[in-house]
Amino acid sequence: MTDSAATPESTRTPTRPGTKGALTTRVEDFPRWYQEVVARAELADNGPVRGTMVIRPWGYEIWERLQAAIDERIKAAGAHNAYFPLFIPEAFMRLEAEHVEGFDPELWVVTHGGGRQLDEPVVVRPTSETVINHFFAKWIQSYRDLPMLVNQWCNVVRWELRPRLFLRTTEFLWQEGHTAHADEADARAYALRILTDVYRDAIEQVAGIPVLVGHKTARERFAGAVRTWTCEAMMGDGKALQMGTSHELGQNFAKAFGIQYSDATGALRHVWQTSWGASTRLIGALIMAHGDDFGLRLPPALAPVEVVVLCVREDEAVCKAASALFEELRRGGRRVHLDARTDTGFGRRTVDWELKGVPVRVEVGPRDLADGNVTVVARHLRTKETVPLAGVADAVERICRSAGRELRDEALAFREARTATVGSMAEALEAGTAGFVRVPWNKVGEPGELQLAAQALTVRCLQRGDGGLAAAGEPDDALVAVVGRSY
RNA sequence: CGGGCUGUGGCGCAGCUUGGUUAGCGCGCUUGACUGGGGGUCAAGAGGUCGCCGGUUCAAAUCCGGCCAGCCCGACCA
């Protein structure tokens, strides 16, 4: 993900002309670059209420594709979609001690409705454990009702002090899964299944973002969970972003909400639970993991448009050839867009498509066309090739099939280049700011976490030395802490 | 909530110290022409109660007071 990798010498002088309109480069000012990409690629806008977000069509289509990838995997894991209310009785939030404590500072509470003050204020959901468990208590009676596997796609609202589009907004879209199981082992296995088969798979295979998996330290754990599993990825500035989490809730909520079932012997038992979520933050990750100094780079699987065919300029033969290619690619099953806006300069249009991250551009111009050729450009590598008309479909297929994997390889190489392995706290503190540091957890511990926090460093997750997940009952002392700065 | 800063066309800013005629600039937008293989050129336009309220003054974007809003840095979080 260095500049030299993103702009091979072989390309025909790709330009960032002058100062006008060009993006701030990532090394110059990464947060500013991020904001500019969000704006210029027309992904989102700030809402009129502080911290709120308008997701624009280009951004929303990406979300719909992420959603589809995750939803299909959730269903494969046996959960079903449902919908629970936005408003939660305030009293529900108080039922689980840690949960209240964790969420209290983030709550939005509605005190008025219908022009008068409510007798009992209602909370706007920051997450839905409480309402859903209220119903689980009602729905679950017998071991035959288990496991109960429910998911919902919805918005949630949390008070945020430092909003940033996609990464941290007051209202965001997500999916939250909630399950109840007969025993601890089943709950644990399910939490892990979601972590790896849903989140890791969708994020790596569809979004092309390599992740580290592991569990959170007590300090970073979800409010009310006994164990929080996480997928962590490295962004283009070396900082970490949590991409999806899966919690083992033990029996905390079951006891607080009285979720009990009769087992085969007739004995009354509390269920064991999980909850798990992934949000529109993934779009932020996509931008920051793959974006380059020319804008967004989308893996074809998530791109609203996979191929744009553009007429270099007004010309009968050009437009005819472009339309023919557009039709051919469309029939081939690719999402194609024909850009025949000859009232806008060619340079302007190519830059726009590049900002938006469309994986392939097919440029049809009179010069190439005279020899029966067009120019095909792969966005992620910014490589151009001259291709005969008859070979365009193949060239497009080749790029569409390889781009996602190549983006992932590039992100992985970047992460590895920015990951250090050390043996002590002192070294971890020293190496910590450029990327990830792997350090034995028994050298860190809770006091170490405080020292790290002083430098804005946190333990992103704990995992085995080989990157594997801790087994049931495996003590944290034997594990490695992945340390980094985070969003 | 503690510390630093900013409010001027859609966006980004200058002007304010040292009040003074029609408040400028870049980008964007509109129209036209020439263009056209990486944000092209030229010309003509549209668009602003200078955050709000009050005060000083012959005169306030500019000086004074108050209020409001937003940004950045610290403690929370997907």
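Here is how names work: the chains are called A, B, and so on, in the same order as the sequence lines, proteins then strands, and each is numbered from 1.
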How are the rings of [X] and [Y] set relative to one another: parallel (under 30°), tilted (30 to 60°) or perpendicular (over 60°)?
X        : Y        : result
A/Tyr190 : A/Trp276 : tilted
A/Phe92  : A/Phe257 : perpendicular
A/Phe135 : A/Phe84  : tilted

Quick one: which of [options] gets closest to the side chain of [X]?
X        : options             : answer
A/Val351 : B/G38, B/A78, B/G74 : B/G38
A/Asp368 : B/G37, B/A78, B/G38 : B/G37
A/Arg162 : B/C76, B/G39, B/G37 : B/C76
A/Phe172 : B/G37, B/G36, B/A78 : B/A78
A/Thr342 : B/C76, B/G36, B/A78 : B/G36
A/Glu160 : B/A78, B/G37, B/G40 : B/A78

Figure out the [atom1]/[atom2] separation between [X] and [N], and round it to whole Å.
X        : N     : atom1 : atom2 : value
A/Leu107 : B/C77 : CG    : C1'   : 13 Å
A/Arg32  : B/G12 : CZ    : P     : 11 Å
A/Phe346 : B/G36 : CZ    : P     : 13 Å
A/Glu220 : B/A75 : CD    : P     : 13 Å
A/Arg460 : B/C77 : CZ    : C1'   : 10 Å
A/Glu171 : B/A78 : CD    : P     : 17 Å
A/Glu42  : B/C11 : CD    : P     : 16 Å
A/Asn46  : B/A69 : CG    : P     : 17 Å

Between [M] and [N], how far apart are the [atom1] atoms? Round to whole Å, please.
N     : M     : atom1 : value
B/U62 : B/U18 : C1'   : 10 Å
B/A60 : B/G19 : C1'   : 6 Å
B/G70 : B/U8  : C1'   : 15 Å
B/C52 : B/A33 : P     : 41 Å
B/U17 : B/U6  : P     : 15 Å
B/C27 : B/U22 : P     : 27 Å
B/U57 : B/C64 : C1'   : 12 Å
B/G37 : B/G32 : C1'   : 25 Å

Base, sugar-phosphate, or nothing for [X], non-hydrogen atoms under 4.0 angstrom?
X        : result
A/Thr169 : base
A/Gly365 : base
A/Arg50  : sugar-phosphate
A/Pro126 : nothing
A/Thr458 : nothing
A/Arg361 : base
A/Phe103 : nothing
A/Leu241 : nothing

Within 45° of the six-membered ring axis of [Y] and under 6.0 Å from that ring's centre, is NZ or CZ of [X] located there?
X        : Y        : value
A/Arg227 : A/Trp229 : yes
A/Arg158 : A/Trp174 : yes
A/Arg460 : A/Phe436 : no
A/Arg313 : A/Phe346 : no

Does [X] have a side-chain nitrogen or oxygen under 4.0 Å from the phosphate oxygens OP1 or OP2 of [N]?
X        : N     : result
A/Arg348 : B/G28 : yes
A/Arg382 : B/G38 : no
A/Arg168 : B/C76 : no

- [ ] Run the salt-bridge test on A/Glu316 and A/Lys320 with the 4.0 Å N-O cut-off and return the result as yes or no.
- [x] no
Task: Pair A/Arg398 + A/Asp394, salt bridge at N-O below 4.0 Å - done: no
Task: Residue met sooner reading RNA chain B from 5', once A/Asp343 and A/Leu173 are mapped to nucleotides - done: A/Asp343
TODO: Please figure out whether A/Asp352 or A/Pro163 has its closest RNA chain B nucleotide nearer the 5' end.
DONE: A/Asp352
Open item on the list: Any heavy-atom pair between the side chains of A/Trp108 and A/Thr170 that's under 4.5 Å?
Closed with: yes
TODO: Would you kindly check whether a donor in the side chain of A/Lys384 faces an acceptor in the base of B/G38, or vice versa, at under 3.5 angstrom?
DONE: yes
Task: 5'-to-3' dot-bracket of RNA chain B (Watson-Crick, G-U; under 3.5 angstrom; crossing pairs as [ ]; | other strand) - done: (((((((..((((......[...)))).((((((.....)))))).....(((((..]....))))))))))))....
Open item on the list: So is the aromatic ring of A/Trp174 stacked onto the base of B/A78, judging by whether the centres are under 5.5 Å apart and the planes are under 30° apart?
Closed with: no
